[in-house]
Amino acid sequence: MYFAQHEDVVLTESSGSITDLEFVSGAPTTLFKYTLPRGTGSFTETITGSSENGTFFYEPSVTFMLHGLTAADQNEIKLLAQNRLVVFVQLNARIATGGNDVIVALGRENGLELTTGTAASGAAFGDMSGYNLTFSGMERFPMATVADFTTSPFDNTAFNGGAGITVDLS
């Protein structure tokens, strides 16, 4: 998963695909990456409609676990909780046309916010000790697929004007 502050990025979309990712002038050109152990992260997008009103909207939700209970993790979670975020999720189950993992963008219009989380030590020797976090949002449009990358995620020359995007391995 990759996180960016919502107000720092401008996403260009064409036919349901993110074709350009630019950072606002003066904003750091950094996406924060969390590499999750297998089976510890997922996303859901719920479509809600009202036949009475003729409306519908999308509710993206991202849930993941961070192993360990550290002061550094607490500080990062506090920063994440203070911001609206665009979350990019790299899917391992689907392959893009170029043979790479598909990446989807969630919260691109309104952002996602930390809505719930827990810190737990576990009781048994094999229990997980760490954080379980959920980020949720409400959007007018469904998630969008990010344009396929060449070698590593977000290395497309169209992204950030070809200046490159720094990925912080949190």
Side-chain angles (χ1 to χ4, degrees), residues 1-36 38-66 74 76-98 100-120 130-149 153-154 156 158-161 165 167 170:
M1 291 188 192
Y2 303 85
F3 294 84
Q5 289 189 68
H6 184 268
E7 66 272 4
D8 289 349
V9 295
V10 176
L11 302 173
T12 303
E13 180 185 341
S14 176
S15 302
S17 181
I18 302 295
T19 57
D20 191 13
L21 187 157
E22 299 288 331
F23 286 87
V24 175
S25 180
T29 57
T30 303
L31 294 176
F32 296 92
K33 178 181 180 182
Y34 287 84
T35 302
L36 305 175
R38 184 185 322 250
T40 61
S42 67
F43 84 91
T44 303
E45 184 173 70
T46 303
I47 304 168
T48 303
S50 168
S51 57
E52 300 84 17
N53 297 325
T55 60
F56 63 96
F57 58 92
Y58 300 85
E59 295 179 85
S61 178
V62 174
T63 300
F64 64 97
M65 288 187 251
L66 295 177
Q74 286 177 336
E76 283 188 38
I77 292 166
K78 184 177 179 182
L79 289 173
L80 290 170
Q82 293 172 346
N83 291 285
R84 285 185 311 129
L85 305 165
V86 176
V87 180
F88 300 94
V89 179
Q90 186 171 349
L91 308 177
N92 295 320
R94 294 180 51 203
I95 303 297
T97 56
N100 300 307
D101 293 340
V102 170
I103 298 175
V104 296
L106 305 166
R108 65 189 196 278
E109 184 178 34
N110 298 315
L112 301 184
E113 296 176 334
L114 180 63
T115 53
T116 187
T118 58
Y131 300 91
N132 193 344
L133 306 172
T134 299
F135 293 81
S136 301
M138 199 171 294
E139 302 283 312
R140 289 187 304 158
F141 304 105
M143 66 183 162
T145 303
V146 175
D148 197 13
F149 55 90
F154 308 102
N156 310 42
F159 290 164
N160 205 36
I165 294 173
V167 176
S170 295

Separation between NE2 (H6) and CD (E113), nearest 0.5 Å, reads 10.0 Å
* To do: Could you check if a side-chain atom of F43 sits within less than 4.5 angstrom of a side-chain atom of M143, using non-hydrogen atoms only?
  => yes
Ignoring hydrogens and angles, tell me if any N or O in the side chain of D20 forms a donor-acceptor pair with the backbone of T12 under 3.5 Å.
no
Shortest non-hydrogen pair, V86 vs G107, comes out as CG2-O, 3.8 Å
*asked:* Please verify the inter-ring angle class for F3 with Y34; under 30° counts as parallel, over 60° as perpendicular, anything in between as tilted.
replied: perpendicular
Of all heavy-atom pairs linking V146 and S17, the shortest is C-OG, 4.2 Å
Between A144 and R108, the two heavy atoms sitting closest are N-NH1, 3.5 Å
When rounded to the nearest 0.5 Å, the distance separating CG of N110 from CE of M138 is 9.0 Å
d(L80 CG, L114 CG) to nearest 0.5 Å is 7.5 Å
Rounded to the nearest 0.5 angstrom, the CG-CD distance for L112 and E59 is 11.5 Å
TODO: Would you check if Q74 and I77 make a side-chain contact, meaning some heavy-atom pair closer than 4.5 Å?
DONE: no
Residues E7 and N83: closest non-hydrogen pair is OE2-OD1, 4.1 Å
What one should report as the nearest heavy-atom pair of D101 and F149 is O-CE2, 3.5 Å
Residues 136-147 vs salt bridge (charged side-chain N to carboxylate O under 4.0 Å, His left out), sequence neighbours excluded, gives E109-R140
When rounded to the nearest 0.5 Å, the distance separating CD of Q5 from CZ of F23 is 10.0 Å
Residues L85 and F135: closest non-hydrogen pair is CD1-CE2, 3.7 Å
- Task: Evaluate the side-chain contact (heavy atoms from CB on, under 4.5 Å) criterion for residues F88 and L21: first the C-alpha distance (whole Å), next the side-chain angles of each, then the deciding distance (0.1 Å), finally the verdict.
- Result: CA-CA 12 Å; F88 300 94; L21 187 157; 3.5 Å; yes
Here the gap from L133 atom CG to T116 atom OG1, rounded to the nearest 0.5 Å, amounts to 9.0 Å
side-chain contact (heavy atoms from CB on, under 4.5 Å) filter on V102, not counting sequence neighbours, yields L91, R94, A96, V104, T145
With a 4.5 Å heavy-atom cut-off, do T40 and F64 have their side chains touching? no
**Asked** S61 versus T46: any side-chain heavy-atom pair under 4.5 Å?
**Response** no
